[in-house]
There are 2 protein chains.
Amino acid sequence: MARPTGVSVSQNATLYDVAREAGVSTATVSRVVHGQDGVRADTRQRVLEVIEALGYIPDGAAQSMARRRKEVIGLLAVESRITDTDVEEEGLLFEEEVLRGVESSLREIEWSLMISFLRDDDPVGSFRRMQKVAAQVDGMLVIEGIVGSERLERLAARIPIVLIAGQVDEPHADAFSADNHGGTMALVQHLVEVHGCRRLHEIAGPPQAPDASQRHAALHEVVRGYGSVTVTGMFQGWFAAMSGQLAVRELLSQTRTDLPDAIVCANDQMAIGAIHELEEAGLRVPADIAVVGFDDMYSGALLSPALTTVRQPIRLLGERACARLLQRIEDPSLARHAEYLPTELIIRQSCGCGGQEPTRRRRQLGARR
Amino acid sequence: MARPTGVSVSQNATLYDVAREAGVSTATVSRVVHGQDGVRADTRQRVLEVIEALGYIPDGAAQSMARRRKEVIGLLAVESRITDTDVEEEGLLFEEEVLRGVESSLREIEWSLMISFLRDDDPVGSFRRMQKVAAQVDGMLVIEGIVGSERLERLAARIPIVLIAGQVDEPHADAFSADNHGGTMALVQHLVEVHGCRRLHEIAGPPQAPDASQRHAALHEVVRGYGSVTVTGMFQGWFAAMSGQLAVRELLSQTRTDLPDAIVCANDQMAIGAIHELEEAGLRVPADIAVVGFDDMYSGALLSPALTTVRQPIRLLGERACARLLQRIEDPSLARHAEYLPTELIIRQSCGCGGQEPTRRRRQLGARR
DNA sequence: CTGTTAGCGCCTTCAA
DNA sequence: TTGAAGGCGCTAACAG
């Protein structure tokens, strides 16, 4: 069975193969592929049939090249982890949620998303990867980025970059973050003014993470504002539940009689770990000690006691950052823009508030769409 | 200040710019960029300096084209969701974990990952996206894929495809899945033989998801094996915690006096939702009713009662699938390969087993590295 | 309505 | 050790 025109089977069909097979020019095939009009109906039909028969799919690299746009954006997430082990079995939900927001924005315009996780303990390797990604996309989103400013500048000179939960003062990129300061403020005020907490224990996030340090700073700022309130101790966590557990073990190993009034965690996962460990040790939350988190992850609402926390619009963060990036890809001359998205205090039971229903009601209010 | 050679600043530097600026040919620059030897030291030095000065980063699309390889693989995840609303605030941890596995494999060889989520209620749109992604990668991983076989065949004709937790009998692609059958088997046997459960309630996953239906089938198969055991009812969930909650509400609305002995959930998230709802309703787990899950997500271990479940090596699934895909990219003629990865029964408290420590000990065992 | 023809930026023989 | 030059597959004027 001779193949009339010698189309190779093992090789992927190209535009030329289709053109030849259909007896038209490549320009016509291209028009058909992109649904442009100005092609006679029967010609289009014929081309379509050949495309179908050959299983033709245009090559993305070639398209990117010709139209000088890749229609891909990169998402880089910087992760903190315990140096030697890799025990972290739980994903960093924050990044995952941003990812969702970005991906759904992109899907609407049919762009693609390239993603890579970086290690904050390997700046050189991270930079290499960032360059590699920068070579394959039209713009980049960087989460929790502790990329040196000069490196960022270099990358930003090539393609637009938007920072998410990063350094908001970075001059070479747009930035979107949650209002960590306001959120922490509201949370601590609640603890102090409603529950009369005076002695606070802090479970902090990784100091490299900008939002961890913002929450840390805000906590101490509020506390300073009250004469009588103090941070009695702190544990350096890394946002994973396990670090909440370790923090509590350390705390309890020091004293079981003179406990703080509340534990303020830099995120929900650590709060969940902390609560678990406290209960394991026979302590009751919030009766013996209050615990609060930050993020408002779904699992915190399912906990007993349900977690009092600060809701930050993570997904929205991703969407907004993505929108801005696309805008800047269209017009690189845009002025730099940085923005804090509002947070919301979510009061449940772990702070000492009673009630049964606030959980559900609150969440509904929270889910503003 | 005249720019000696007229390099445009607003435009990204190309290989030619570097070559001209350094007074060498593009071939030489290319050699330097790729660290090939056969370039005199001082020449290399000069080129390197120009690269640095210009902030040159080679264009990925052009590289892909020239070397006929993109060094990118695609990860497509098919998601089930409640038709109209988009309430699902919790990410599908399964996919996230696979993503981790794949990404870390890829990072080692410096390849990139393109990712896209598909909707199982939009097969046409999904196929479009799959084609789009197929155009930009060297191979694809498809999670929980319910892509029609003929469509898959078309894509597979162009680039290699490996299915993860998909239809294991798909002839056009390699496939890696957890041993859902064996896992469910072990779990149910435990419930029946150790705890004497006779009446089981099922909270199933979305029927489109291959692993959900495998678990479903296995459950019924085991039950049939015992004469005296029955599945007294089932709720059609969609893997989200909320569906576990709804399932329990429905169950309790039907009867509060004649409860089943245990609730068997198709994954941990639904089990967590179910436990939460049961406790909310004043029932005690496992005293009044046992609940078991599937997956062994970290949050299940932190629950009280800690969740009895089946561990499946999700991350490993990603790694293995990825390794296979890379292999097949190198050699497309490989014979089809399908594999079930072993699961492990993780006994904690929610099934009725006592003890305090199994949680931690088990997990350590489970984390085999 | 359809075809011709330059590139897009890089890699890679093949020569020198 | 270095350079010249032909693609890679597609797009987008520009002609006809």
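Just so it is clear: chains get the letters A, B, ... in the order the sequence lines come, proteins before strands, and each one is counted from 1.
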Scan A:T43 against the nucleic acid and name what it touches under 4.0 Å (heavy atoms): base, sugar-phosphate only, or nothing.
sugar-phosphate
So, does A:S25 get its side chain near the phosphate of C:dT2, meaning an N or O under 4.0 Å from OP1 or OP2?
no
What integer distance in Å separates B:D37:CG from D:dT1:C1'?
11 Å
Among side-chain atoms of B:S149 and B:E170, is any donor-acceptor pair under 3.5 angstrom?
yes
Let me know the distance between CD1 of A:I159 and P of C:dG9, rounded to the nearest Å.
15 Å
In whole angstrom, what separates B:K70's NZ from C:dC11's P?
15 Å
B:T28 side chain: which of D:dA12, C:dC11, D:dT2 is closest?
D:dT2
Test item: A:E79 and A:D120 side chains (from C-beta on) under 4.5 Å apart, heavy atoms:
no
Are B:E95 and A:R100 ion-paired here, with the side-chain N under 4.0 Å from a carboxylate O?
yes
Salt bridge or not for B:R128 and A:E110, using N-O below 4.0 Å?
yes
D:dA4, D:dA12, D:dC14: which one has an atom nearest the side-chain heavy atoms of A:T26?
D:dA12
Is there a side-chain polar atom (N or O) of B:R31 under 4.0 Å from OP1 or OP2 of D:dT2?
no
Testing B:R336, B:E153, B:E150, B:R154 for side chain to side chain donor-acceptor pair (under 3.5 Å) with B:H172, which one passes?
B:E153
Measure the distance from NE2 on B:H34 to C1' on C:dG9 and round it to the nearest whole Å.
12 Å
Which atoms of nucleotides 6-9 of chain D (N or O only) lie under 3.5 Å from a protein N or O atom, and what are those distances?
from  : atom 1 : to    : atom 2 : distance (Å)
D:dC8 : O2     : B:A66 : N      : 3.4
D:dG9 : N2     : A:A62 : O      : 3.4

Counting distance only, does the side-chain N/O of A:D138 pair as donor-acceptor with the main-chain N or O of A:E71 below 3.5 Å?
yes
Give the rounded distance in Å between these two atoms: CD of B:Q36 and P of C:dC11.
9 Å
Taking the side chain as every heavy atom from C-beta outward, state whether B:V137 and B:K70 have any pair of such atoms under 4.5 Å apart.
no
Tell me: CD of A:Q136 to P of C:dC8, nearest whole Å?
21 Å
May I ask you to say what A:V24 touches in the nucleic acid, namely base, sugar-phosphate or nothing, with a heavy-atom cut-off under 4.0 Å?
sugar-phosphate
